Amino acid sequence: MREEDIRREQELIERSRRDPKAFGELYEVYFDRIYYFILRQTGDEDTAGDLSSQTFVNALNNLEKYQFRGYPFSAWLYRIAANEVNKFYRRQKGKKIFSIEEGRIRELVEQTNPGTGDLDEELIQQMLTYLKDLPTEMLQVLELRFFEDKDFREIAFILDITESGAKMRTYRALDQLRKHFNIRLKYDE
Amino acid sequence: MSKNEIRLRRQKLTGRGIERFRNYGAVLERHEQEKRIRKIVRVFTFFLIILIVITLLVIISRVEKRLTPADPAPKQSYSASYPRPPLL
């Protein structure tokens, strides 16, 4: 994000504090991203729609408390959304769902392992089984790193963990992935 | 047993489905409603605290009154205890 964009966004936030209608502009910018982030963690469109709305209501209710700390405003929204998802699963007491697009998996593996061509169906299924057994915290970090393209600093802020904790979880998961599937990852360089 | 369930989506997410959830008017309305509720709760809490403080003050003053010893009975005057001598 360019410095000018950040400044413009901060002005908009300041304006939204006085007039909540101004927040509509930020809503339009970030709604899609927040919706898909929640949809990936719930797998249900209606639930994702409800939780996204709740995320923006909470953001609007707590806009007075928001302070710029070097993270983009979206990181704050992601953090609220992650809390909403956690609350949802605490109420549900069920298994946590991660809904992943097949194309994204292919894209990621092709990205990390150039020249392998198409991934076969069996490998994808094996990878899904492997991911299913990973601890939820690891999956959350992997999701933010590879599906949302967030850096470790932002991931740490969103999940309320330390930056080294975020790195450790990612590298540990990738390490296991490397061992299980004997593939080269971009971190191997 | 694993704690997570991984679902594989064959289709890419499109913007079409999302449109039915995009409604800033509803978000704004809920925000106003929650703001109103918060204000009511704040006022109610304020009065509740004042009521508790007043009740405590009343209780303390009553207990204090009960604990302080009662004033000793006023001394009887000489004239009251002894009959006046008859006038000669």
Side-chain angles (χ1 to χ4, degrees), chain A residues 20-21 23-28 31-32 34-36 38-63 89 94-105 107 121 124-125 127-140, chain B residues 1-70:
Chain A
K21 278 181 191 152
F23 191 72
E25 213 176 305
L26 290 165
Y27 176 86
E28 290 301 327
F31 184 78
D32 290 20
I34 294 297
Y35 173 81
Y36 289 130
I38 296 174
L39 184 59
R40 281 194 196 99
Q41 292 188 65
T42 55
D44 181 63
E45 290 190 357
D46 290 333
T47 307
D50 287 347
L51 296 184
S52 306
S53 296
Q54 191 55 50
T55 299
F56 284 97
V57 171
N58 287 354
L60 208 45
N61 288 346
N62 294 293
L63 207 56
Y89 280 110
K95 272 186 182 180
K96 187 152 186 177
I97 295 163
F98 285 89
S99 177
I100 303 169
E101 285 170 55
E102 189 188 354
R104 199 81 174 102
I105 287 198
E107 202 177 291
E121 197 65 31
I124 288 183
Q125 288 308 322
M127 278 177 84
L128 291 181
T129 312
Y130 158 77
L131 289 172
K132 202 164 66 178
D133 292 328
L134 280 182
T136 311
E137 303 80 45
M138 262 189 196
L139 277 172
Q140 278 176 326
Chain B
M1 212 169 97
S2 59
K3 280 200 242 166
N4 308 305
E5 187 184 327
I6 309 284
R7 288 184 190 166
L8 192 68
R9 267 201 323 272
R10 302 277 172 192
Q11 285 172 333
K12 205 171 178 184
L13 290 168
T14 57
R16 269 175 286 145
I18 198 174
E19 286 311 314
R20 64 190 169 110
F21 300 113
R22 194 196 299 275
N23 185 356
Y24 186 60
V27 168
L28 205 57
E29 205 174 295
R30 263 171 74 185
H31 163 67
E32 294 296 338
Q33 202 178 342
E34 286 184 17
K35 208 167 122 184
R36 226 172 297 137
I37 292 171
R38 275 209 314 271
K39 204 180 261 181
I40 292 169
V41 169
R42 211 175 296 155
V43 169
F44 179 75
T45 314
F46 176 74
F47 279 111
L48 195 72
I49 289 170
I50 287 186
L51 194 75
I52 290 170
V53 169
I54 290 173
T55 314
L56 280 175
L57 284 175
V58 168
I59 290 171
I60 288 169
S61 71
R62 281 194 180 176
V63 169
E64 256 181 3
K65 210 180 262 177
R66 200 175 290 169
L67 289 178
T68 42

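Residue numbering restarts at 1 for every chain, and letters A, B, ... go by the order of the sequence lines. Please read these numbers as outputs of a predicted model, since none were measured by experiment.
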Subject >> Backbone N/O of A:Leu134 and side chain of B:Asn4: donor-acceptor pair under 3.5 Å >> reply: yes

**OP:** Name the option with the most non-hydrogen atom pairs under 4.5 Å to chain B; the candidates are A:Pro135, A:Gly49, A:Ser99, A:Gly24.
**Re:** A:Ser99

Subject >> Region of A:Ser53 in contact with chain B, defined by heavy-atom distances below 4.5 Å >> reply: both

Subject >> Counterpart residues, side chain to side chain donor-acceptor pair (under 3.5 Å), relative to A:Thr47 (two or more places apart) >> reply: A:Asp44

Subject >> Under 3.5 Å donor-acceptor, A:Tyr89 side chain and A:Ile97 backbone >> reply: yes

Subject >> Part of A:Leu139 lying under 4.5 Å from any heavy atom of chain B >> reply: side chain

**OP:** Scan for side chain to side chain donor-acceptor pair (under 3.5 Å) pairs involving residues 30-40 of chain B, sequence neighbours excluded, and state none if there are none.
**Re:** A:Gln54-B:Arg30, A:Asn61-B:His31, A:Asn61-B:Glu34

